[in-house]
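Start at 1 and go down the list; that is how both ligands and their atoms are numbered.
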Amino acid sequence: MYNIKTASIDVTYRCNLRCKHCFNFSGVPRRKEMTDEELRNLAEEISELSIDSVCLCGGETLYRYELMCEMCQIIKKNSPQTLVNLVSNGILLTKEKAINLKRAGFFMIQVSLDGFTDESYDAVRQSNGQLSKVFEGINNAIEAGLEVSIATLPHKKSLYEFESIIDYCHDNNLYELRAQPLMPLGRGKENYEELALTSEEYDILKDIFKKKEVELGNKGSKTAINWGDPLDHYFMLQEVNYLPFLTVNAYGEMEVTPYLPFTIWDLKEKGLSEFIEMRIPEKVLVHPLINKYVSRVYSVEDMYYPDGELPRMYLEDNLNIMKEIEEIVL
Ligand code: SF4
């Protein structure tokens, strides 16, 4: 018996930034994204699954913030125990938006903070000096009563700022600091050499985290320091024999993970309820291509596949293997 615990839905690939590490090339969407109506229907279907948490991701999700509030309300109405979170770069997070997100029932907002100074922040985010707006956005979220998680990419220019970043999280009673390694995907691949830490630099980071963990522990801090490893997706899939999470891109295509260019189910053709009724999550990992690309990943470097081997994710269309998956199930 399988149990779907979480869902992640990309609501748009529009974005006000063009970050150097963005694995999904957010900026201007390449194709027509899901309509408001399609996203409302998806929220309705997801609410019937009683899952633990739903994350609305992007792109800059706040471009569709009114719709996200509606989606959150739909999910919470039918499934009050489901935690609904969103991801944002924080620059557009005004007081009013933060209050409305809280009213709609959101639990947590994950805000990206890849540096503590304009120089280090813009080495990745290329925002032209908008870091102060991120801090404002975080304050707005705190004042509105939302939990705040900080997502951060450790890179060469931010490495020695982590003591300050962690102190900032503790001082503001934030939920967590979630550090994520650079992935060799999308713009992250194009800028890998420039940004990626060496193994010696990772060791320095590890020591800083260890020291700060002890300090936070002694202070009884609420802030957790977590390593948000994208490999966890792969390891979980290698361990279980079913798909324990739902991943939907902004074009309405379901994927095994956001890091592999396979469409396993196209919601424009058939709804989520059919995906569940046909018990696709129990069989999808049997597909030879899924099996091959899931089982070979043991390090962040393994996430990369050479151009030409598979479609370039988010630049070219996914390989649609929905019919083959249906045949496996039937
Ligand atoms: S990393 Fe986030 S903020 Fe940056 S371009 Fe991608 S979606 Fe936008």
- Task: First locate atom CG of Asp36, then atom CE of Met68, and finally report the distance between them rounded to the nearest 0.5 Å.
- Result: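 So the CG of Asp36 and the CE of Met68 are separated by 12.0 Å.
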Distance-only check: which donor-acceptor pairs under 3.5 Å involve side-chain atoms of residues 320-330, not counting sequence neighbours?
{"from": "Asn320", "atom 1": "OD1", "to": "Met322", "atom 2": "N", "distance (Å)": "3.0"}
{"from": "Glu324", "atom 1": "OE1", "to": "His287", "atom 2": "NE2", "distance (Å)": "2.6"}
{"from": "Glu326", "atom 1": "OE2", "to": "Lys270", "atom 2": "NZ", "distance (Å)": "2.6"}

Taking C-beta and beyond as the side chain, do [X] and [Y] meet within less than 4.5 Å on heavy atoms?
X      : Y      : result
Leu93  : Leu101 : yes
Lys189 : Phe23  : no
Ile290 : Leu237 : no

- Item | Close residues, ligand 1: non-hydrogen atom nearer than 4.0 Å |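 Protein residues near ligand 1 are Cys15, Leu17, Cys19, His21, Cys22, Ser26, Gly59, Asn89, Arg125, Arg187.
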- Query: For the residue pair Tyr13 and Tyr314, is the inter-centroid distance of their aromatic rings smaller than 6.0 Å?
  - Reply: yes
